[in-house]
Amino acid sequence: MKSRAVLITDAERSQADQLRSRQIRYASMMGLRVVCLVVATVLVMNEAPLLWLWLPLCLAGMVLLPWMAVLIANDRPPKKEHTLRGKIEARHAAHQAVAPTSTTEVTAVPEGGRIVDHNG
């Protein structure tokens, strides 16, 4: 039994992996467009019932799928600093760099037991 590799890093996928993924999505959407064309042709040739409903759906698929496929194929995953997790990590790191170790400075405690800090 083959075991799969365990991901132990937050590194982004390689450019080749991203490109391959986008190519697969593009090809599958174009394949779905061909299926819409074939289904529309079969429906028209057989004068199927509810043709008025199915034909516009197939035509919408044939028109919209190429547009969506190009948009998806040209899109790449967001960079780490643009994701919510990246923003939270960046904000946390900035806060840690600026934040003092103590929020108040406590002076000596007088005999009466009252603590005096810099806020008054």
Does one hydrophobic cluster hold both [X] and [Y], with members joined at side-chain heavy-atom distances below 4.5 Å?
{"X": "Leu65", "Y": "Val38", "answer": "no"}
{"X": "Val42", "Y": "Leu53", "answer": "no"}
{"X": "Met62", "Y": "Trp52", "answer": "yes"}
{"X": "Leu57", "Y": "Leu32", "answer": "no"}

Can you see which heavy atom on [X] is nearest to which on [Y], and at what distance?
{"X": "Met30", "Y": "Pro66", "value": "CE-CA, 3.2 Å"}
{"X": "Trp54", "Y": "Pro49", "value": "CD1-O, 3.8 Å"}
{"X": "Cys36", "Y": "Gly61", "value": "SG-CA, 4.2 Å"}
{"X": "Leu51", "Y": "Pro56", "value": "O-CD, 3.9 Å"}
{"X": "Arg22", "Y": "Ala73", "value": "NE-O, 2.7 Å"}
{"X": "Met29", "Y": "Ile72", "value": "SD-CD1, 3.8 Å"}

Problem - Leu71 backbone acceptor or donor facing Asp75 side chain under 3.5 Å - result: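 Absent.
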
Exercise for the section: Ignoring hydrogens and angles, tell me if any N or O in the side chain of Thr41 forms a donor-acceptor pair with the backbone of Leu37 under 3.5 Å. Expected result: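 Checked: pair present.
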
Problem - CG-CG distance between Leu55 and Leu59, expressed to the nearest 0.5 angstrom - result: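 Taking CG in Leu55 and CG in Leu59, the distance rounds to 4.5 Å.
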
Practice task
Decide yes or no for Gln15 and Leu19: does some side-chain heavy atom of the first lie under 4.5 Å from some side-chain heavy atom of the second?
Solution key: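 The answer is no, as the side chains (C-beta and beyond) never meet within the 4.5 Å cut-off.
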
